[in-house]
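In what follows, a single structure is set out as structure tokens and then discussed.
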Amino acid sequence: MATDSLLERRYRVLGRNSPLFYDKPLHLVRGEGVWLYDADGRRYLDAYNNVPHVGHCHPRVAAALSRQAAVLNIHTRYLDENVVAYAERLTSLFDAPLSMAMFCCTGSEANELALRIARDCSGGAGIISTAWAYHGNTEAVIQISSLFTPEDKRGPNVRTVPVMDPYRDRAGRSDEALATAYADDVKRAIDSFKAAGIRFAGLLFCTAFSSEGLPTVPAGFMAKAVEHVHAAGGYFIADEVQAGFGRLGTHMWGHQKLGAVPDIVTLGKPMGNGHPLAAVVARSDLVNGFTSRNMYFNTFGGNPVSAAVGSAVLDVIEEERLLENAVIVGNYTTTRLNKLGTSTCSSETYAAPVCSSQSSW
Ligand SMILES: Cc1ncc(COP(=O)(O)O)c(C=O)c1O
């Protein structure tokens, strides 16, 4: 009853089109680690929520947040030791030449800023993204998010390329042939900008192709496509909002698996474990070039409380060996899903994986 009445109140004040997960929306009241609890005390294993990267309400993250909130939280245009230290630590996790960070509050903002940098520094406007992609909700970013924006609403500066699905599209082709076919699509899109008199600015995609169906693309898949992008004077923007911070297990960043170093990276969701923290990490010449021509600041993005949270998230990733954990749980899940995909019915039981994370909280 309480949940039904809350739903009605939500409809009245937020509208019926404000999306909710599930046909029968969940009214959750508490989270702990991998578990969520609803208003009736029912416990759910959270295998979907894509934000609490190190577990719901991790005590270390909660303590860092409340500690810093009790000491100081200010507009980001003041000097703060913790913010600088966090930026140094974050950028140290990237391969050269990705050495500078710009903070914001959401993945949408990060992608918007990345588009601005790519367009400003290249002098172009044309952006290539993938079919079925989602990158956020700002005016510019929704245009490259073909999942929700039909072709006639994307404007002249956007082209999409399909992502290979090695399961359905392989058709006897090698990894090399698949990568070449994808790179050829990218090249065709670049050429079509040229034919339309539009200068090319860059290629932006989610490095896990999360909205595109999470296809298991071959390692090194992007290297050739990115060569075309650079040869045409554009930049490779890696959207790590979903894949970043070790979610793929084998690497800290999805692009490391795809065989190409980006010029610009965008970060969000897992970065603050639910706290609104996002960033652009990019080459110093791009950040310095862009900011010398454009004023950029973000009142809240990367403030001292956010920096404390982001730093605590990195501590937990390291101390609880969460990349290793992602490999173990990922392999277990993939094995079982593959089994389901090849048999209609199975009574076999599988032992649950032994995870690296030993926290008992
Ligand atoms: C790949 C990707 N990029 C960007 C975003 C946008 O992030 P936010 O909702 O924090 O603006 C999302 C959100 O789902 C996403 O999946």
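As the structure lists them, so they are numbered: ligands from 1, and atoms in each ligand from 1. We're numbering straight along the sequence, starting at 1.
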Numbered atoms and elements of ligand 1 in range of Thr106, under 4.0 angstrom, heavy atoms = 10 (O), 11 (O)
Atoms of ligand 1 close to Gly136 [distance to a heavy atom under 4.0 angstrom, numbered from 1] = 6 (C)
Is Arg89 paired with Asp315 through a side-chain N to carboxylate O contact shorter than 4.0 Å?
-> yes
Output yes when Arg188 and Asp191 qualify as a salt bridge under the 4.0 Å nitrogen-oxygen rule, no when they do not.
-> no
Asn111 contact mode with ligand 1 (heavy-atom cut-off under 4.0 Å) | side chain
Ser108 N/O to ligand 1 N/O under 3.5 Å | yes
Selection from Glu240, Met271, Lys269 by shortest heavy-atom distance to atom 13 (C) of ligand 1 | Lys269
Give the intermediate values and the outcome of side chain to side chain donor-acceptor pair (under 3.5 Å) for residues Asp46 and Tyr44.
-> CA-CA 6 Å; Asp46 185 359; Tyr44 299 85; over 6 Å; no
Identify the protein heavy atom lying closest to atom 4 (C) of ligand 1, giving its residue, its atom name and the separation to 0.1 Å.
-> His135 O, 3.1 Å
Salt-bridge test for Asp185 and Arg159: reply yes if a basic N is under 4.0 Å from a carboxylate O, no otherwise.
-> no
Closest to atom 7 (O) of ligand 1 among protein heavy atoms sits Gly107 CA, 3.4 Å
Polar contact flag for Glu109 and ligand 1 (N/O pairs, less than 3.5 Å) = no
Do Glu320 and Arg60 sit within salt-bridge range, that is, some charged N less than 4.0 Å from a carboxylate O?
-> no
Are any of the side-chain nitrogens in Arg43 or Glu32 under 4.0 Å away from the carboxylate oxygens of its partner?
-> no
In terms of side-chain geometry, is the basic nitrogen of Asp285 or Arg283 positioned less than 4.0 Å from the acidic oxygen of its partner?
-> yes
Contact (N/O only, under 3.5 Å) between Gln242 and ligand 1 = yes
